[in-house]
Amino acid sequence: MQRALSKNLTNNRHGGRMSNKKEDYKSSQLYRIRHSTAHVMAEAVLEMFPDGQVAIGPAIDDGFYYDFDLPRSLTPDDLETIENRMKELIKAKSDFVCEEVSAEDAKDLFKDQVYKLELIEGLESGNLDDDGNPTDEKAPITIYRSGKFVDLCRGPHVENTSQINGQAIKLLNVAGAYWRGDEHRPMLQRIYGTAWESKDELKDHLWKLEEARKRDHRKVGKELDLFSSNDEVGQGLILWHPNGGMIRHQIERYWDDQHIANGYDLIYTPHMGKASLWETSGHLGFYKENMYSPIQIEDQEYYIKPMNCPFHLHVYKSQLRSYRDLPLRFAEKGTVYRYERSGVLHGLMRVRGFTQDDAHHFCRPDQMPDEIDFTLNFSIDMLRAFGFNEFQAYLSTKPEKSVGDEKMWRDAEAALEDTLIRMGIPYEVDAGGGAFYGPKIDLKIKDALGREWQLSTIQFDFNLPERFDLSYIGEDGKEHRPYMVHRALLGSMERFFGVLIEHYAGAFPVWLSPKQVMLIPIADRHNSYAHEVAAKLKKAGLRVSVDDSSDRMNAKIRNAQKQKYPYMLVIGDREMEEGQVALRRRSGENPGAMSVDAFLALALDEIAQKI
RNA sequence: GCCGGCGUAGCUCAAUGGUAGAGCAACCGCCUUGUAAGUGGUAGGUUAUGGGUUCGAUUCCCAUCGUCGGCUCCA
């Protein structure tokens, strides 16, 4: 089995349960439409700026873009003008005509287009394709003509612009993008657009964008008072407010319980360590650009930690380990700090200080397949508990430059793939995409809007056990090197929180809700009974508030709804007389009056079920 | 870091060379309410920060900080 799998990996043959959505998409009509729309856009842009330089313009997920070098910056008004012109060009019903040309002819045709000339040279020398990506095959040079526009392009395209629905395209935004993604090369202007087969699909897509905007964790985070960042504190450093803090506490409590129940030991390690530690680990060699400047303490340099691993390795090394002790699993919610360039910071999703839900497993080679199985299962179980049920895995294999012997890599890759197949998780192989120290699986979840987020990562490490000279005493009484797996399940508390916020649009399941119950007395005379009920519910462990303001009931309900309280309990004369509460749910559902005990039982049950 | 946009009251936004305004929130009243906004009043601003142009700058220019859309990178 393992040999077969290894062969699979070597040949990069994507069979079995491996997904090939990308290939399907690339051969679809929609892909052609988008790619062709990009050409139409380029034609419209060149009409506006006859001296403009065009770079590349591929179809991407949900749309397309095209990069231009233009004499001035584009404005939103320009986008509207361009879009309108595109619609006219589409109506002209131009054919897309493909021609194969010699390199000389191509160079002559694009003699004023410096980026195209560079691409042609890449094609000519046979190591770059027409998007400038490395390739092994020397592809023929093809051009596509449509209207007055000619582009160096491999295609495929629609046959005629009439196959593009002018009612189903929209230009979205302009952004800067480096030529070939290289920051040392010119900055171009990229126009993003979207294109669909029908007007309705466009509408759906725009609705989805709008919905994503509405549930943006930065917006919801402000509305629900979950977190903030602050000028004076610094970029990319998150302040967790009481509401966010309560959610994090619930997440961490569950996380701790699950880890303890599943054979982990919880450990705690410091926020910094001496320079020599990071030299031993190699971080000062290959990770220094992400680390902050050292702190001088009594003639010694210390670094704030960007990772937890070196500390965990020292916990392992703190005593002699027997093969009987393994596997060992050390877990820590470890807070790390990494330098990120200011332009990449983004809400909770990309920050400079964050807490990884980290762990390191140490095991014997023979335990490795089981250990991977366990880890992936545990990871999926954990994510399911938070309401994520769709997963996509990415398996990254041995890159050219790597440490560790061939057999270790083969075994590890096979174990990873084997587990993915056994668990029926769709996956893609990123051949050669692993870190130099070991292969890995990255798990992405799909959220309520179908967007993918990378959370879990399970990585082999053949490097650190070597560098720290880890060993255990085997059955044979000799020293052996353990395998080490580094894993994070939620990824980081910050990013996971951001994903959770967007997944639930702030309407967290009851067990996570920072506020669970709002009591709504209708008039002042109901206030004291409301406080009595609140005290009882609090005693049972619920997170309860009473709105005893002078607002009317309608306003109280509105406020509680906006704050996403899962339960609102209205209390008036009838309830007070009967010792009841009238339940209204966040969903708008209105089960009505019930005894306090009945409500309590209902709430505790839903909390236990994590719904 | 780079390209482009933005930064006005706690929040959402007006005002555009002539010394800043609304709604919500807050606070003080009145109302005592039955499933998403009852009502009157009060207070709240060195218009991100620092420089420049100008008789005069929130408005124009420069720099810094922050932020947004991307590039690159990643938990």
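Each chain gets a letter, A, B and so on, in the order its sequence line appears, and its residues count up from 1. Computed from a predicted model, the values in this text were never measured in an experiment.
Contact annotation: Gln235(A) does not reach the phosphate of rC65(B) (side-chain N/O to OP1 or OP2, under 4.0 Å). For the OP1/OP2 pair of rC68(B) and a distance below 4.0 Å, the side-chain nitrogens and oxygens of Arg218(A) include at least one atom meeting the criterion. An OP1 or OP2 oxygen of rG69(B) is reached within less than 4.0 angstrom by a side-chain nitrogen or oxygen of His346(A). Between Arg584(A) and rA36(B) there is a side-chain N or O to OP1 or OP2 distance below 4.0 Å. Put simply, Arg525(A) has a side-chain N or O that comes within less than 4.0 Å of OP1 or OP2 on rU33(B). The phosphate of rA75(B) has neither OP1 nor OP2 within less than 4.0 Å of any side-chain N or O from Thr457(A).
Within the shown strands, nothing qualifies as a pairing partner of rG17(B) under the Watson-Crick or G-U definition with both distances less than 3.5 Å. The partner of rC65(B) is rG7(B), judged by Watson-Crick or G-U wobble contacts that both fall below 3.5 Å. Remark: rU47(B) base-pairs with no nucleotide; criterion is Watson-Crick or G-U wobble with both hydrogen-bond distances under 3.5 Å. Nucleotide rG34(B) is matched to nothing when pairs are restricted to Watson-Crick or G-U wobble geometry with both distances under 3.5 angstrom. Across all strands shown, the partner of rU42(B) is rA26(B), judged by Watson-Crick or G-U wobble contacts whose two distances both fall under 3.5 Å. Across all strands shown, rG70(B) is found opposite rC2(B) as a Watson-Crick or G-U wobble partner, with both distances under 3.5 Å.
Atom CZ in Arg558(A) sits about 17 Å away from atom C1' in rU33(B), given to the nearest Å.
Partners of Tyr66(A) by ring pair (Phe, Tyr, Trp, His ring centres under 6.0 Å), not counting sequence neighbours, listed by chain and number: Phe68(A). Applying the side-chain hydrogen bond (donor to acceptor under 3.5 Å, both in side chains) criterion to Thr194(A), with sequence neighbours excluded, gives Trp196(A).
Note: Phe497(A) and Phe227(A) have perpendicular aromatic rings, judged against thresholds of 30 and 60 degrees for the angle between ring planes. Between His346(A) and His217(A), the angle of the ring planes lies from 30° to 60°, which puts this pair in the tilted group. Note: His35(A) and His39(A) have perpendicular aromatic rings, judged against thresholds of 30 and 60 degrees for the angle between ring planes. Between Phe388(A) and Phe496(A), the ring planes are perpendicular. Angles over 60° get that label, and only those under 30° would be called parallel.
One donor-acceptor pair, N or O on each side, does fall under 3.5 Å between the base of rC74(B) and the side chain of Arg495(A). Between the side chain of Tyr178(A) and the base of rG1(B) there is at least one donor-acceptor pair of N/O atoms closer than 3.5 Å. Between the side chain of Glu340(A) and the base of rG1(B), no donor-acceptor pair of N or O atoms lies under 3.5 Å.
Base engagement by Gly572(A) is indicated by at least one non-hydrogen atom pair under 4.0 Å involving a base atom. Contacts of Gln189(A) with the nucleic acid, taken as non-hydrogen atoms under 4.0 Å apart, are absent. As judged by a 4.0 angstrom heavy-atom cut-off over every strand, Ala177(A) is placed among residues touching the sugar-phosphate backbone only. Contacts of Glu575(A) with the nucleic acid, taken as non-hydrogen atoms under 4.0 Å apart, include base atoms.
Mapping Glu183(A) and Ser229(A) onto RNA chain B via the closest heavy atom, the residue that lands nearer the 5' end is Glu183(A). RNA chain B is contacted by both Gly181(A) and Asp573(A); Asp573(A) maps to the nucleotide lying nearer its 5′ end (nearest heavy atom per residue).
Separation of the P atoms belonging to rG7(B) and rU59(B) is 11 Å when rounded to the nearest angstrom. Rounded to the nearest Å, the gap between the P atom of rG51(B) and that of rG56(B) is 15 Å.
Between Arg495(A) and Phe354(A) the shortest side-chain heavy-atom distance does not fall below 4.5 Å. Annotation: side chain of Arg584(A) is in contact with side chain of Gln561(A) (closest heavy-atom distance under 4.5 Å).
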Considering only distance and modelled atom types, tabulate donor-acceptor pairs under 3.5 Å from the side chains of residues 51-61 of chain A, sequence neighbours left out.
from     : atom 1 : to        : atom 2 : distance (Å)
Gln53(A) : OE1    : Val114(A) : N      : 2.8
Gln53(A) : NE2    : Asp112(A) : O      : 2.8

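Remark: Arg34(A) fails to qualify as a cation-pi partner of Phe64(A) under the 6.0 Å distance and 45° angle criteria applied to the six-membered ring.
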Polar atoms only, N or O, under 3.5 Å: list the protein pairs with nucleotides 4-14 of chain B and their distances.
from    : atom 1 : to        : atom 2 : distance (Å)
rU12(B) : OP1    : Lys222(A) : NZ     : 3.3

Report each atom pair, protein N/O against N/O of nucleotides 41-46 of chain B, whose distance is under 3.5 angstrom.
none

Within the sub-3.5 Å range, which N or O atoms of nucleotides 29-31 of chain B have a protein N or O partner, and how far apart are they?
none

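A stacked arrangement is not assigned to Tyr192(A) and the six-membered base ring of rG70(B), the conditions of a centre distance below 5.5 Å and an interplanar angle below 30° not being jointly met.
Between the side chains of Gln459(A) and Tyr437(A), a donor-acceptor pair is found at a separation under 3.5 Å.
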